[in-house]
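Structure first, then comments.
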Amino acid sequence: MTDSTSGRDYRFYAAQAAAAGLLISAVKFPFGENRFASVVSHFELASVVMLMNHVPGAGLLGAVSGIAGAFITVENDQKIAKISSINKIILLGTSSLLCVGLFLDKRGLKLLN
């Protein structure tokens with residue numbers, strides 16, 4: 001019998017955690033009627049699919065969409081509740097850091113060459 005976790009390293013778990021954070025951010029905390037925020041939310045959802053399918057460059061897209069989402073959250077802070085704003089910024093910050101770590105990993109830098 002083979003172990004179901006064989007071949008899975010920290011990158012697998014980091015990608016799944018980042019994807020879960022971006023998915024929660026895009027679905028639970030919608031941006032509303034701002035068109036740019038809507039596009040960022042769609043990029044968050046696209047990066048979730050890319051991260052789960054281990055597409056090259058998914059970490060970069062996840063990091064960019066997460067950081068953009070955090071800036072939009074700070075900008076729209078007056079319109080939404082303060083506690084949900086803080087939760088979204090923490091969620092997006094953690095997901096973005098995981099995505100940056102995945103992209104800057106030794107294997108992720110092959111994309112730049």
Side-chain angles (χ1 to χ4, degrees):
M1 288 190 175
T2 60
D3 186 14
S4 64
T5 60
S6 64
R8 295 182 181 173
D9 58 351
Y10 70 94
R11 292 178 49 80
F12 173 80
Y13 297 107
Q16 298 305 315
L22 289 169
L23 181 64
I24 291 169
S25 168
V27 173
K28 184 173 181 179
F29 303 107
F31 286 115
E33 301 196 15
N34 186 350
R35 284 186 173 225
F36 180 69
S38 169
V39 170
V40 170
S41 182
H42 284 88
F43 275 120
E44 286 177 354
L45 291 173
S47 63
V48 166
V49 173
M50 290 174 65
L51 282 166
M52 289 185 162
N53 290 324
H54 308 291
V55 176
L60 181 63
L61 180 64
V64 169
S65 64
I67 292 169
F71 281 122
I72 291 171
T73 302
V74 170
E75 179 183 317
N76 293 340
D77 198 16
Q78 294 82 18
K79 296 180 183 176
I80 58 177
K82 188 80 166 168
I83 192 75
S84 86
S85 174
I86 292 170
N87 288 343
K88 183 164 183 165
I89 291 171
I90 291 170
L91 185 66
L92 284 172
T94 305
S95 297
S96 296
L97 284 175
L98 286 170
C99 287
V100 167
L102 288 170
F103 182 70
L104 294 179
D105 186 33
K106 188 168 37 175
R107 289 171 271 185
L109 286 176
K110 290 181 184 176
L111 195 91
L112 297 176
N113 294 332

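In this text, all values refer to a predicted model and were calculated from it rather than measured experimentally.
Residues passing the ring-ring contact (aromatic ring centres under 6.0 Å, His included) test with H42, sequence neighbours excluded: none. Checked against side chain to side chain contact (heavy atoms under 4.5 Å, CB included), V49 has the following partners two or more places apart in sequence or in another chain: N53. When the side chain to side chain contact (heavy atoms under 4.5 Å, CB included) test is applied to S47, the partners found at least two apart in sequence or on another chain are L22, L61, S65. With sequence neighbours excluded, the residues satisfying side chain to side chain contact (heavy atoms under 4.5 Å, CB included) with V100 are A63, L104.
Annotation: the span from Y10 atom OH to L102 atom CG amounts to 8.0 Å, rounded to 0.5 Å. N87 contributes atom CG, which lies 11.0 Å from atom OG of S25 (distance to the nearest 0.5 angstrom).
Considering all non-hydrogen atoms of both residues, L51 and Q16 come closest at O-NE2, 4.4 Å.
Here L98 sits alone; no ILVMFWY side chain lies under 4.5 Å from its own, so it joins no hydrophobic cluster.
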Show me the donor-acceptor pairs within less than 3.5 Å that the side chains of residues 89-97 make with the rest of the protein, sequence neighbours left out.
{"residue": "T94", "atom": "OG1", "partner": "I90", "partner atom": "O", "Å": "2.9"}
{"residue": "S95", "atom": "OG", "partner": "L91", "partner atom": "O", "Å": "3.0"}
{"residue": "S96", "atom": "OG", "partner": "I67", "partner atom": "N", "Å": "3.4"}
{"residue": "S96", "atom": "OG", "partner": "L92", "partner atom": "O", "Å": "2.8"}

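Hydrophobic clustering (side-chain heavy atoms under 4.5 Å, transitive across Ile, Leu, Val, Met, Phe, Trp, Tyr) keeps V64 apart from V55. Taken together through direct or relayed side-chain contacts under 4.5 Å among Ile, Leu, Val, Met, Phe, Trp and Tyr, V27 and M50 form parts of separate hydrophobic clusters.
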